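Worksheet: the structure to be examined is printed underneath.
Indexing begins at 1, ligand by ligand and atom by atom, following the structure's order. The model shown is predicted, which means the values in this text are computed figures rather than measured ones.
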Amino acid sequence: MPETDDSQHDTRTFDVVVIGAGPVGENVADRAGRRGLSVAVIESELVGGECSYWACMPSKALLRPGAVLAAARAVPGASSLLQTSPAPTAVDVAATLGRRDVFVSHWDDDGQVAWLDSTGITLIRGRARFTGPRELVVTDDDGASTRVVARHAVVVATGSDPVIPDIDGLAEAAPWTSREATSVQDIPASLVILGGGVVAAEMAVAYADLGATVAVVVRGSRLLPRAEPFAAFEVADGLDVLGVDVRFGTKAVAVRRAPDGVHVTLAGGGEILADEVLVATGRAPRTADLGLEALGLEAGAPLSVDDALQVTAVEGGWLFAVGDVTGRTATTHQGKYDARVAGDVLAARFSASSGDGAGKAENETAAAAERSAAPWSRYRASADDAAVPQVVFTRPEVAWVGQTERQARDAGIEVRVVQYALGSVAGASLAADGYAGTAQLVLDDARGVIVGATFTGPDAAELLHAATVAVVGEVPLDRLWHAVPAYPTVSEVWLRLLETAGL
Ligand SMILES: Cc1cc2nc3c(=O)[nH]c(=O)nc-3n(C[C@H](O)[C@H](O)[C@H](O)COP(=O)(O)OP(=O)(O)OC[C@H]3O[C@@H](n4cnc5c(N)ncnc54)[C@H](O)[C@@H]3O)c2cc1C
């Protein structure tokens with residue numbers, strides 16, 4: 001049904017209301033709107049969300065020049081044309097930041113608003129809070145309020161916030177989060193990073209490339225706790241080559257900002273002094289200021305969902321959640337996958353009675369298909385359990401999908417692991433002198449399929465999707481044998497891996 005506007009009570013009513021116009025909220029709104037539902041998206045900051053302005057896009061724009069330089073340095077004929085200023089401080093800082101600014105559209109969301117307009121989705125600017133089931137109040141920057149009601153469903157897509165750990169003096173020291181790190185205008189001479197995950201590792205590389213002296217404080221004994229151990233060790237070695245000082249097995253116990261910089265005191269003594277401190281110790285769902293109490297839910301908690309992205313703790317089938325806020329996904333691509341599934345579920349469930357003629361029949365068919373949906377149908381986000389791809393844009397890059405060896409064994413699968421050195425493949429040795437990287441498959445021999453894959457090395461990210469297809473499709477290994485990689489490409493490692501596996 002179209003939007004209804006009850007101006008006497010300042011109430012706007014839509015079929016579906018989405019809170020948050022990040023990449024995930026935009027996608028669910030688009031998908032739900034395609035089958036004739038009226039959809040509003042409420043956004044308190046910039047349309048496009050964290051990913052567009054303070055996360056994926058700017059971080060990758062900061063990392064790309066260093067990766068390209070490293071690639072050129074590894075190929076005689078190109079390397080000789082480069083100035084031989086000592087690595088690794090050689091990226092052009094002003095040009096790198098300038099290109100980053102273009103990728104974030106100078107923190108202006110006009111382009112994304114124009115796209116929303118073109119889809120027929122209504123954008124409501126302001127902060128949304130629940131006042132009851134399917135009812136919200138939206139408060140804009142001037143303090144004006146609008147009541148927004150959803151006829152059928154509300155989708156929460158409010159993302160996540162960085163966690164600032166409870167360390168003595170840290171909050172008062174005005175630490176950087178990923179927002180300051182990705183929107184930087186003046187590169188500090190030195191940076192200390194707290195954390196050992198994806199953001200910490202990527203920003204360590206980026207800031208080393210940009211000429212800062214970088215230290216990283218890691219509580220555990222390795223980086224990237226979700227990756228295969230060998231990949232984490234290769235990234236640590238890469239940081240060492242870049243001159244990054246990585247301190248494992250320690251943590252910050254006190255932080256103090258003084259005129260000479262930020263003093264970070266480490267457990268067991270020792271101190272690191274840097275111009276800035278970046279906190280990269282994880283993220284939490286953005287649900288603290290959403291009025292969840294009006295629904296009987298706890299503020300600040302993740303919104304757990306089932307495979308149709310419906311919030312499990314709320315009765316009535318009207319509340320859905322997608323993206324970082326669910327705690328189920330922490331990447332744009334997987335959040336957008338969930339958004340496509342949720343959008344199709346909404347359209348199927350709530351368009352059934354609308355339309356006429358062929359449109360009505362199509363909607364009724366979709367509703368019936370959704371009611372009986374099985375895993376791997378378009379109405380269930382089954383890949384979240386089996387095949388989540390992740391890329392870390394460090395040097396070397398790390399890319400993996402599915403289960404690590406440990407995860408598979410913990411799940412009771414008897415697995416066999418095969419590895420191959422990427423540098424031994426003809427395509428890799430052509431790509432770069434001294435190409436170093438590793439490819440690994442985790443095989444479930446009982447079923448004859450791949451359940452996990454990891455690649456490290458320059459541009460390893462581009463090897464990942466073939467593995468994702470193999471894991472999602474549960475492609476039998478003896479059939480995969482017939483997928484012939486072109487010569488001389490880095491993808492020939494697939495052939496070598498299968499040979500190593502005994503095919
Ligand atoms: C440094 C960094 C680098 C990253 N790099 C990558 C990468 O390379 N690839 C990748 O896939 N992922 C990456 N990620 C993760 C990615 O940014 C997130 O997974 C993604 O942004 C999640 O999208 P979302 O739509 O769920 O949330 P968000 O992008 O956070 O969007 C949520 C939106 O909701 C709005 N909002 C919140 N509360 C309200 C409210 N009450 N009312 C109205 N609006 C509200 C916010 O203003 C925001 O615009 C990175 C993250 C970080 C921190």
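For Val198, no heavy-atom contact with ligand 1 is shorter than 4.0 Å. Under 4.0 Å from ligand 1, not a single heavy atom of Ala181 appears. Counting heavy atoms closer than 4.0 Å to ligand 1, residue Cys56 contributes atoms from both its backbone and its side chain. Contact annotation: for Gln334 versus ligand 1, there are no heavy atoms closer than 4.0 Å. Within the 4.0 Å heavy-atom criterion, neither part of Met203 lies near ligand 1. Contacts with ligand 1 closer than 4.0 Å are made by side-chain heavy atoms of Ile19 only, the backbone lying farther away. Using a 4.0 Å cut-off between heavy atoms, Arg286 contacts ligand 1 through its side chain alone, with no backbone atom that close. At a heavy-atom cutoff of 4.0 Å, ligand 1 is contacted by the side chain of Ser178 but not by its backbone.
Polar contact check, Arg283 against ligand 1: no nitrogen or oxygen pair lies under 3.5 Å apart. Checked against a 3.5 angstrom limit, the closest N/O atoms of Thr332 and ligand 1 fall inside it. Here's the thing with Ser44: one of its N/O atoms is less than 3.5 angstrom from an N/O atom of ligand 1. For the pair Val24 and ligand 1, the shortest N or O to N or O distance falls below 3.5 Å. The shortest N/O to N/O separation between Ala128 and ligand 1 falls below 3.5 Å. Residue Lys60 has at least one nitrogen or oxygen atom sitting less than 3.5 Å from a nitrogen or oxygen atom of ligand 1, judged on distance alone.
The shortest distance between side-chain heavy atoms of Asp245 and Val214 does not fall below 4.5 Å.
Near Ala330, meaning under 4.0 Å from one of its heavy atoms, ligand 1 places the atoms 15 (C), 19 (O).
In summary, of the residues considered (Arg286, Arg127, Arg125, Arg179), a salt bridge (Lys or Arg N to Asp or Glu O under 4.0 Å) with Glu45 occurs for Arg179 alone.
Arg395 and Asp209 are joined by a salt bridge, as a carboxylate oxygen and a charged side-chain nitrogen come within less than 4.0 angstrom of each other.
Relative orientation of the Trp318 and Phe130 rings is perpendicular, given thresholds of 30° and 60° on the angle between their planes.
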